[in-house]
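Heads up, the thing below is written out as structure tokens.
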Amino acid sequence: KIMTVEERRNNQSEEDYLESILILSDRLPVVHRIEVSRRLGVSQAAVNKAVKLLCARGYVYEDGKHLYLTENGRAYASSVYEKHCIIRDYLIDRGVSPAAAESDASKMEHLVSEETFLMMKNAVAARRG
């Protein structure tokens, strides 16, 4: 099924929130909405709306002020973050500056086909030996 632009935008937003919660949860003892807001550069109202949706989809749960990924949420966020890291490393391996590679990977991770991603993953793995 081919996604509409709106579906793709919603999916990208969902993935960005999940990835941010994952990264923050690895660095902090607990994740608050304000940290997600700061990391993504969005309003707290936007985070509230996203968290409500992510909770409804079973990816996130909260205990008042703290956000946690469910098992499904962690798996989904981890796959998105892996894709981000592989694309970033692939670009860096080919001479793209780390800053540009990081920025480009944040966009490309939502758009790249599985075939292209697997090629990049294999290239990065081969380079690392």
Side-chain angles (χ1 to χ4, degrees):
K1 176 191 178 239
I2 296 175
M3 283 196 275
T4 66
V5 172
E6 184 66 24
E7 287 171 324
R8 214 170 25 248
R9 189 177 300 119
N10 290 340
N11 193 48
Q12 178 177 342
S13 176
E14 179 176 278
E15 290 177 353
D16 286 342
Y17 280 99
L18 289 171
E19 188 177 20
S20 290
I21 295 168
L22 175 73
I23 291 166
L24 290 166
S25 69
D26 287 343
R27 296 180 187 162
L28 303 169
V30 291
V31 177
H32 297 97
R33 293 167 191 255
I34 187 69
E35 285 130 358
V36 176
S37 171
R38 286 181 186 137
R39 186 172 192 288
L40 290 174
V42 298
S43 69
Q44 284 204 266
V47 174
N48 291 341
K49 184 177 176 184
V51 166
K52 187 174 183 179
L53 179 66
L54 294 171
C55 287
R57 293 196 179 184
Y59 294 133
V60 172
Y61 67 94
E62 53 185 330
D63 68 355
K65 296 182 179 182
H66 308 130
L67 303 176
Y68 304 94
L69 293 169
T70 63
E71 194 175 312
N72 284 344
R74 182 165 288 280
Y76 186 9
S78 295
S79 72
V80 173
Y81 188 57
E82 178 198 26
K83 192 177 277 190
H84 175 98
C85 293
I86 293 290
I87 293 169
R88 179 197 61 214
D89 293 351
Y90 179 85
L91 295 171
I92 290 170
D93 287 351
R94 274 143 192 84
V96 176
S97 73
E102 184 69 34
S103 176
D104 290 344
S106 292
K107 299 171 194 118
M108 294 169 68
E109 69 194 27
H110 307 290
L111 304 172
V112 69
S113 70
E114 190 63 21
E115 178 183 351
T116 299
F117 171 67
L118 289 175
M119 177 278 301
M120 292 174 159
K121 187 174 181 175
N122 290 335
V124 168
R127 184 152 169 102
R128 292 183 180 155

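We use all heavy atoms of the structure for the numbers below, so side chains are in, but hydrogens, waters and symmetry mates are not. Worth saying up front: this structure is predicted, and the values here are computed from it rather than measured.
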So how far is it from [X] [atom1] to [Y] [atom2], rounded to the nearest 0.5 Å?
X	Y	atom1	atom2	answer
Glu102	Lys107	CD	NZ	10.5 Å
Ile87	Met120	CD1	CE	5.5 Å
Ser79	Glu19	OG	CD	9.5 Å
Thr116	Lys83	OG1	NZ	10.0 Å
Glu109	Phe117	CD	CZ	10.0 Å
Ser25	Leu67	OG	CG	10.0 Å

Could you tell me which non-hydrogen atom of [X] sits nearest to which non-hydrogen atom of [Y], and how far apart they are?
X	Y	result
Thr70	Val60	CG2-N, 3.9 Å
Ile23	Arg39	CD1-NH2, 3.1 Å
Arg88	Ala105	N-CB, 3.7 Å
Ala77	Leu18	CB-O, 3.5 Å
Ser43	Ser37	C-OG, 3.8 Å
Leu91	Ala101	CB-CB, 3.9 Å

### Message
A side-chain contact here means heavy atoms from C-beta on lying under 4.5 Å apart; do Asp16 and His110 qualify?
### Response
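The answer is yes, as the side chains (C-beta and beyond) meet within the 4.5 Å cut-off.
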
### Task
Measure the shortest side-chain to side-chain distance between Tyr17 and Val47 over non-hydrogen atoms and say whether it is less than 4.5 angstrom.
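When only atoms from C-beta onward are counted, Val47 and Tyr17 do touch, with a gap below 4.5 Å.
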
### Query
Any sub-3.5 Å donor-acceptor pair from Ser20's side-chain atoms to Val36's backbone N or O?
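Not a single qualifying donor-acceptor pair exists.
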
### Tyr59: which of Leu54, Ile21, Leu53 passes side chain to side chain contact (heavy atoms under 4.5 Å, CB included)
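It is Leu54; the other options fail the test.
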
### Task
Mind checking salt bridge (Lys or Arg N to Asp or Glu O under 4.0 Å) for Asp89 and listing every partner two or more places apart, or none if nothing turns up?
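Scan of Asp89 (salt bridge (Lys or Arg N to Asp or Glu O under 4.0 Å), adjacent residues dropped) gives Arg128.
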
Would you say [X] and [Y] are hydrophobically clustered, going by side-chain heavy atoms of ILVMFWY under 4.5 Å?
X	Y	answer
Val51	Leu69	yes
Val124	Val96	yes
Leu28	Leu22	yes
Val31	Val80	yes
Tyr61	Val30	yes

### Task
Please work out which of the three classes, parallel, tilted or perpendicular, describes the rings of Tyr81 and His84, given edges at 30° and 60°.
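Ring orientation of His84 relative to Tyr81: parallel.
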
